[in-house]
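Proteins get letters first, then strands, A, B, ... in listed order; numbering begins at 1 in each.
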2 protein chains.
Amino acid sequence: MKKAEATRLNILEKAFELIYVKGYQTTSIDDIIATTQVTKGAFYYHFKNKDEMGIAIINDLLKPTLTGSFIGPLQTAADPLTAIYQLMYNLLIENKFLKVEYGCPAANLTHEMTSWNADFNKALNELTQQWTETMIDVIERGKTNGAVRSDVNARQVTMFVMSGYWGIRNFGKLERSKEIYLPYLEELKNYLETLRR
Amino acid sequence: MKKAEATRLNILEKAFELIYVKGYQTTSIDDIIATTQVTKGAFYYHFKNKDEMGIAIINDLLKPTLTGSFIGPLQTAADPLTAIYQLMYNLLIENKFLKVEYGCPAANLTHEMTSWNADFNKALNELTQQWTETMIDVIERGKTNGAVRSDVNARQVTMFVMSGYWGIRNFGKLERSKEIYLPYLEELKNYLETLRR
DNA sequence: CAAAAAACATACTAGTTAGTATGTTTTTTG
DNA sequence: CAAAAAACATACTAACTAGTATGTTTTTTG
């Protein structure tokens with residue numbers, strides 16, 4: 001039971017790529033088996049149906065990535081405000097995997113699926129919660145060690161910052177150029193400075 | 001040529017409702033003609049194809065609404081910072097048409113369509129530009145009349161604020177409750193106050 | 001009011017979709 | 001190494017999709 005795991009992972013990765021670019025609804029099973037070179041029998045051996053595969057993408061691919069690229073950099077940071085800015089800068093400008101014209105994979109799925117699919121909603125909610133709670137913790141830590149003003153509401157700030165991130169991804173899709181991220185990042189920096197003690 | 005216009009408008013309005021709730025790709029022509037009680041012949045008399053109808057929804061329905069509900073309140077305002085906050089509050093909390101679980105119609109279409117459909121991209125870009133430019137003007141006006149600090153970068157602030165709006169709509173879809181808007185709105189208020197002279 | 005154009009109605013088609021039925025091959029295990 | 005289970009392969013189906021072909025009805029206009 002080792003090759004089978006590889007097949008499953010291969011399906012998830014290729015399917016994720018297609019869905020990131022084309023959207024979930026418009027990526028067909030036939031698309032997926034064509035690009036994976038896996039037959040339909042193999043696909044349905046590993047997944048009960050398309051939605052189960054979609055949920056698996058969130059839980060088995062996105063969650064670990066989130067932990068690595070989104071959560072790790074925050075937790076190890078000395079100064080929380082700089083860390084938040086640096087994280088956003090990295091995600092928007094440096095990250096080679098996320099493409100400006102395709103936006104944020106998690107945000108895409110949220111937009112497309114959450115209104116009418118409870119399973120996707122649950123999985124994506126957990127994903128988001130994890131990021132949110134981490135950022136709240138980091139800010140609270142900053143309040144304790146004196147880097148952040150003590151009257152700052154950590155949850156409010158987190159919601160505000162994360163909303164900005166998702167929203168600027170929307171602009172990116174419209175403009176199809178990372179240029180559009182720059183004024184956002186500048187103002188994010190200004191805003192974060194107002195929280196400093 | 002009066003009844004025909006009514007038929008066309010009826011199609012656009014019902015189709016928009018369906019698309020707002022279900023998404024563009026997953027709303028079929030058959031769905032639309034079923035809820036409008038209009039036959040397929042009538043539909044294709046008014047629209048060359050599905051995409052032409054989609055673009056018409058943006059240009060003939062969304063643009064006028066934007067002008068009324070999003071742009072008007074900004075232009076007539078005395079204090080720009082309060083006006084921006086009030087606009088966001090109204091859109092998120094008071095507005096009876098926009099539902100928290102379905103998000104922002106323009107953002108939904110942007111997420112779903114812009115990556116691969118140039119016509120949708122263009123129409124949605126124009127829509128967004130109109131709102132952006134208005135907000136920039138309002139802030140610049142505030143700088144002139146002394147309500148806003150003169151070192152504030154109006155475009156940066158606009159991008160930052162509008163990103164927040166779109167992003168918090170994402171959270172709303174996940175949480176399916178307007179409660180989630182409140183911490184965002186509080187922090188928006190805090191942020192806007194830092195721009196005051 | 002009659003001819004012409006506009007507006008709508010019905011029946012159909014070719015392609016695509018998720019999913020299944022029924023196999024065969026490969027791997028594991030006693 | 002043989003039986004059993006896991007992993008994969010092929011061919012099919014029923015439902016749905018956007019769009020069309022070919023009508024009929026309604027409205028406009030000279």
Side-chain angles (χ1 to χ4, degrees), chain A residues 1-58 60 108-109 112-113 115-120 123, chain B residues 1-58 60 108-109 112-113 115-120 123:
Chain A
M1 290 186 211
K2 207 65 183 296
K3 181 117 175 292
E5 263 311 301
T7 307
R8 187 189 134 97
L9 194 64
N10 185 237
I11 295 173
L12 287 180
E13 283 171 347
K14 296 273 171 54
F16 170 72
E17 263 299 324
L18 287 170
I19 290 167
Y20 178 44
V21 171
K22 299 180 42 164
Y24 180 82
Q25 309 282 354
T26 37
T27 299
S28 69
I29 310 278
D30 287 346
D31 286 339
I32 294 167
I33 67 172
T35 59
T36 50
Q37 304 271 51
V38 153
T39 61
K40 200 161 263 195
F43 180 93
Y44 278 97
Y45 174 78
H46 287 284
F47 306 102
K48 196 168 115 278
N49 50 42
K50 189 183 177 185
D51 282 1
E52 193 182 280
M53 180 212 62
I55 303 294
I57 287 176
I58 298 171
D60 301 353
N108 293 355
L109 282 172
E112 203 178 347
M113 306 304 289
S115 322
W116 53 276
N117 188 308
D119 293 331
F120 275 81
Chain B
M1 294 187 208
K2 207 63 183 298
K3 180 113 174 297
E5 262 310 302
T7 305
R8 187 189 136 96
L9 193 64
N10 183 238
I11 294 173
L12 287 180
E13 284 171 347
K14 297 273 170 57
F16 170 71
E17 262 299 322
L18 287 171
I19 290 166
Y20 178 43
V21 171
K22 300 180 38 162
Y24 180 81
Q25 308 282 356
T26 37
T27 298
S28 68
I29 310 276
D30 286 347
D31 285 339
I32 295 168
I33 67 173
T35 59
T36 50
Q37 304 270 51
V38 154
T39 61
K40 200 161 264 195
F43 180 93
Y44 279 97
Y45 174 77
H46 287 284
F47 306 101
K48 192 167 118 281
N49 51 40
K50 190 183 175 184
D51 283 359
E52 192 182 281
M53 180 212 63
I55 303 293
I57 286 176
I58 297 171
D60 301 355
N108 293 355
L109 282 172
E112 204 179 347
M113 305 304 289
S115 322
W116 53 277
N117 188 308
D119 292 331
F120 274 82

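OP1 or OP2 of C/dT17 sits under 4.0 Å from a side-chain N or O of A/Ser28. Applying the 4.0 Å criterion to OP1 and OP2 of C/dG19, one finds that A/Tyr44 has a side-chain N or O inside that range. Distances shorter than 4.0 Å separate none of the side-chain N or O atoms of A/His46 from OP1 or OP2 on D/dA6. Side-chain N/O atoms of A/Thr7 include one lying less than 4.0 angstrom from OP1 or OP2 on D/dC8.
Look at NZ on A/Lys40: it is 15 Å from C1' on C/dT22, rounded to the nearest Å. Nucleotide D/dT20 holds its P atom 12 Å from the CZ atom of B/Phe43, rounded to whole Å. Rounded to an integer number of Å, the gap from B/Lys48 NZ to D/dA18 P is 15 Å. The distance between atom CD of B/Gln37 and atom C1' of C/dA7, rounded to the nearest whole Å, is 17 Å.
Side-chain proximity of A/Tyr45 to the nucleotides C/dT10, D/dG19, D/dA7 is greatest for D/dA7. Minimum atom distance to the side chain of A/Ala42 is reached by D/dA9, of the listed D/dA9, C/dC8, D/dG19. Nearest to the side chain of B/Asp30, among C/dA9, D/dT17, D/dA7, sits D/dT17. Residue B/Lys50 has its side chain nearest to D/dA18 when only D/dA18, D/dA6, C/dT17 are considered.
The backbone N or O of A/Ile29 sits nowhere less than 3.5 Å from a side-chain atom of A/Lys40 that would complete a donor-acceptor pair. Under a 3.5 Å cut-off, the side chain of A/Tyr24 and the backbone N or O of A/Asn108 do not form any donor-acceptor pair.
By the 30° and 60° cut-offs, the orientation of the rings of A/Phe43 relative to A/Phe47 is tilted.
Both distances falling under 3.5 Å, in either a Watson-Crick or a G-U wobble arrangement, place D/dG30 opposite C/dC1. Under the Watson-Crick or G-U wobble criterion, with both distances below 3.5 Å, D/dT24 is paired with C/dA7. Figure legend. C/dA14 is base-paired to D/dT17; pairs are counted as Watson-Crick or G-U wobble with both atom distances under 3.5 Å.
Looking only at side-chain heavy atoms (C-beta outward), B/Glu112 and B/Phe120 stay at 4.5 Å or farther from each other. Residues B/Met53 and B/Ile19 are in side-chain contact: their nearest non-hydrogen atoms beyond the backbone lie under 4.5 Å apart.
Residue contacts for B/Thr26: at a heavy-atom cut-off of 4.0 Å it reaches no nucleic acid atom on any strand shown.
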